[in-house]
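Below is one structure, written out as structure tokens; comments come after it.
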2 protein chains.
Amino acid sequence: MATIYDVARVAGVSAKTVSRVLNRDAPVKAATREKVEAAIAKLDFVPSTAARMMRSNRSGLIGLITGAISQTSDQPASHGLPDLVIVQAVQRGIASSGMTVMIADTGGQSDQVAPLVQTFLEHRVQGLIYAADFHQRVALPLVPKGFPLVLANCFDDAGTPAIVPDDRRGQHMLVERLIRAGHRRIGYLTLGRQMVATQLRTEGYRSALAEADIAFDPALVVLAYIDDAKLGSKLLWDAIDRLMSLPEPPTVLCCGNDAMAMRVYGILRSRGLQVPQDVSVAGFDDHRIIAETLYPPLTTVELPYAAIGARAAERLLSLIESGPEEGADAAPTRVAGPVAWRESVLSRTPVVDFKTQGRERP
Amino acid sequence: MATIYDVARVAGVSAKTVSRVLNRDAPVKAATREKVEAAIAKLDFVPSTAARMMRSNRSGLIGLITGAISQTSDQPASHGLPDLVIVQAVQRGIASSGMTVMIADTGGQSDQVAPLVQTFLEHRVQGLIYAADFHQRVALPLVPKGFPLVLANCFDDAGTPAIVPDDRRGQHMLVERLIRAGHRRIGYLTLGRQMVATQLRTEGYRSALAEADIAFDPALVVLAYIDDAKLGSKLLWDAIDRLMSLPEPPTVLCCGNDAMAMRVYGILRSRGLQVPQDVSVAGFDDHRIIAETLYPPLTTVELPYAAIGARAAERLLSLIESGPEEGADAAPTRVAGPVAWRESVLSRTPVVDFKTQGRERP
DNA sequence: CGATGTCATGACACCGATGTCATACTTTTG
DNA sequence: CAAAAGTATGACATCGGTGTCATGACATCG
């Protein structure tokens, strides 16, 4: 590969002048510039970032780590996709600042994190992002303190800048919307209890009910997911059985995610119940390929992975530019996705101003 | 950041000795090594790839480009996921050789390809992979000729090494399997005709029929996809109407992809037809979250994205090591995914040895 | 025992850019 | 018109490692 000296020789100028043409950081006579540009084209010269970096100490690189980071291992290998959406969004955000993203995946081995970080540091990345495959608490990997680092779709106890989905608000908005559509008995089929998302969403579910002065009925909330296809299926059938045979059965079933909602469609149909005429169904994730393809299309809440990735990139860039920010550090940034309202939820002629009525009772 | 000279000073040795400790490329006394290692640890020294690269001229970097590459634009923005699975597989394959992957996404702008390639060249990547979001023909971007380049999930007319899914064989295997299960009237709801995959799969469909001496009936093959939600839905309804009201209707419907199969489930149910008792259904892609979650689980063909990514990485590494390979260059490498046989297809008590019977007829 | 070889280490140049400073040539200005 | 200011360019050191070669200390061998 040609060097700046080759170009200088061919163009009959000094290397420094070629550098000036490349960087436009000092005036160069038009005639000289043309000679240099001709030489560059002729030699297929491409400047070396490595050499450049040696002086400037700025690599223009960002490191992105995906896959298992901490040894939780109580969680199953995920569906494997959401973090990739984050990757894409991060890449776009970073690219818009002229930097380049290097990626590495732990392949599920949390002990791979250390060597990956080392490699990134050797490349002198100017910042690191870690993207998790589902909303979780992680134990921090080893980076030099003060090094720009942002967590996406996860958080830690050390106050590292983090961007996470606002599960609480997402579920709250969904339930609120269901109530506005006239639903009062709202069933909730949850994912595993130990998941961060489940806890937060349950809070959102309850707060929305509370805001509308609807009493929380524990019988309406049922664990309906375990990590085993066969048992999981039975669990879901039983959960629905239990809910639908309540004295006052729910008019809508909120599901822990869209895939569960898809199964619920099938189960309800097998029981002769039509969606949404007999029971409404709502999901979570806005996994488009499911939500839009199901018939009827599924009402759900978007898990804003793209927004999370974009925010993470943004945050990291600002950390790099301005150094560690002062305030507002402790809590993760929560990004709420909108409710995607589709035909799987029936609007029941609502008892107008039910809420006010309730309040007016002494 | 500390340099090798700082380490040398602290350890009381020369820089070169530190280098030797780092690279283990020459004998160093145990006592000296320990002093050096202590100094490295004390200073948090991390060697600079950039400086290293200047002498060795090997960056240890691979460039990966995703998103729109050529200005076809007749194809809609894809579902956006498959290429990310390829990204992950490529990353794993490359990482196993100790190299690092840099990624860039065109964000749908094919005119972004040139600057991205330029950036990669500036970083002195040792090879490039382009991963497309669906099986397609692409027009080559500008890379120095002889530069290691592999296409994944796409191919060009210039004979660039390419890894693509074997759509023909995939569909062939599926149909062959359906025939073995006793099906003779096999409906086929295709994706857009201009898609490479559609053409190849139709060939596979026909060849499997031919092998079994089943006459090809054009009435059984119907275009059922256009890029418009509303019109697409109507098209699919009509297609199914047409197929099911044939004098001899199909006993199984092959769908262009799993999402279509999911819709077909819904449509069939609305018509009072049970899957698979009344009609069997098969998909294509093995989009797990759909295929495994649908009830009944969907028989489909895996689109081996992970394998494609892995093969692409492998191929690129061999190109880098051994230089341009000689023979077997022209045709893309085709990777066939297995048939995922699930409960959406009914095994009809087959007319035993129908095939032989057919042959024996004069 | 001196010649030869191996081990352990250091001095120094070099990779390919850019920053600093010097210099020659122009143009502006009092 | 000379001094001051601006323009265009080059020489050279430098960034942080590694390759080459030299050197001194021992071990081995005929």
Side-chain angles (χ1 to χ4, degrees), chain A residues 1-40 43-61 98 100 118-126, chain B residues 1-40 43-61 98 100 118-126:
Chain A
M1 173 113 353
T3 77
I4 203 172
Y5 295 98
D6 301 325
V7 174
R9 189 163 19 79
V10 170
V13 299
S14 75
K16 181 68 214 197
T17 298
V18 176
S19 170
R20 283 193 264 256
V21 170
L22 289 173
N23 296 289
R24 298 179 176 70
D25 57 356
V28 174
K29 263 216 246 179
T32 313
R33 158 173 289 116
E34 279 160 29
K35 276 191 299 182
V36 170
E37 279 165 352
I40 288 175
L43 297 173
D44 283 331
F45 166 74
V46 179
S48 155
T49 313
R52 206 170 250 167
M53 191 194 317
M54 289 203 53
R55 298 256 17 176
S56 65
N57 238 358
R58 332 183 89 259
S59 61
L61 295 175
T100 306
Q118 171 80 7
T119 301
F120 280 160
L121 291 179
E122 290 184 1
H123 282 285
R124 297 291 188 269
V125 296
Q126 297 180 237
Chain B
M1 174 118 347
T3 76
I4 202 171
Y5 295 98
D6 301 325
V7 175
R9 189 163 20 79
V10 170
V13 299
S14 74
K16 183 66 215 198
T17 296
V18 177
S19 169
R20 283 191 266 256
V21 170
L22 290 173
N23 297 287
R24 297 177 175 70
D25 57 356
V28 174
K29 263 216 246 179
T32 313
R33 155 172 293 117
E34 278 161 29
K35 277 190 299 180
V36 171
E37 277 164 354
I40 289 175
L43 296 173
D44 282 330
F45 167 73
V46 179
S48 155
T49 313
R52 204 170 251 164
M53 191 193 319
M54 289 202 55
R55 300 256 11 180
S56 66
N57 235 1
R58 331 184 89 257
S59 60
L61 295 174
T100 306
Q118 170 80 8
T119 300
F120 280 160
L121 291 178
E122 291 183 359
H123 281 285
R124 297 290 186 269
V125 296
Q126 296 179 240

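Chain naming here is simple, since letters A, B, ... match the order of the sequence lines and numbering starts at 1 in each.
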Give the dot-bracket line for DNA chain D from 5' end to 3' end: parentheses for intra-strand Watson-Crick or G-U pairs under 3.5 Å, square brackets for crossings, | for inter-strand pairing, dots for unpaired. ||||||||||||||||||||||||||||||
Heavy atoms under 4.0 Å, any strand shown: does A/T32 hit a base, just sugar-phosphate, or nothing? sugar-phosphate
Suppose we screen for salt bridge (Lys or Arg N to Asp or Glu O under 4.0 Å). Which residues come up paired with A/R55, at least two apart in sequence or across chains? none
For the pair made of CG in B/L121 and P in C/dA17, what is the distance, rounded to whole Å? 13 Å
I'd like to check the side chain to side chain contact (heavy atoms under 4.5 Å, CB included) partners of A/T100; sequence neighbours left out, ordered by chain and number. A/L61, B/M102, B/T119, B/F120, B/H123
For the pair B/T49 and A/R124, evaluate side-chain contact (heavy atoms from CB on, under 4.5 Å) and give the outcome as yes or no after the intermediate values. CA-CA 8 Å; B/T49 313; A/R124 297 291 188 269; over 6 Å; no
Whole angstrom is fine here: how far is it from NZ in A/K35 over to C1' in D/dG10? 13 Å
To the nearest angstrom, the CG-P distance between B/D6 and D/dC15 comes to 11 Å
Is the backbone N or O of B/T3 less than 3.5 Å from a side-chain atom of B/D6, with the two atoms forming a donor-acceptor pair by type? yes
Is a side-chain N or O of A/Q126 found less than 3.5 angstrom from the main chain of A/S59, in a donor-acceptor match? yes
All side chain to side chain contact (heavy atoms under 4.5 Å, CB included) counterparts of A/S56, not counting sequence neighbours: A/R58
Between B/E37 and the options B/L22, B/V21, B/V7, B/V18, the side chain to side chain contact (heavy atoms under 4.5 Å, CB included) test singles out B/V21
Going by side chain to side chain contact (heavy atoms under 4.5 Å, CB included), name the residues that satisfy it together with A/D44, two or more places apart in sequence or in a different chain. none
What is the distance, rounded to the nearest whole Å, between atom CD of B/E122 and atom P of C/dA17? 10 Å
A correct 5'-to-3' footprint of nucleotides 16-28 of chain D, with B, S and - meaning base, sugar-phosphate only and no protein heavy atom under 4.0 Å, is BBBBB--------
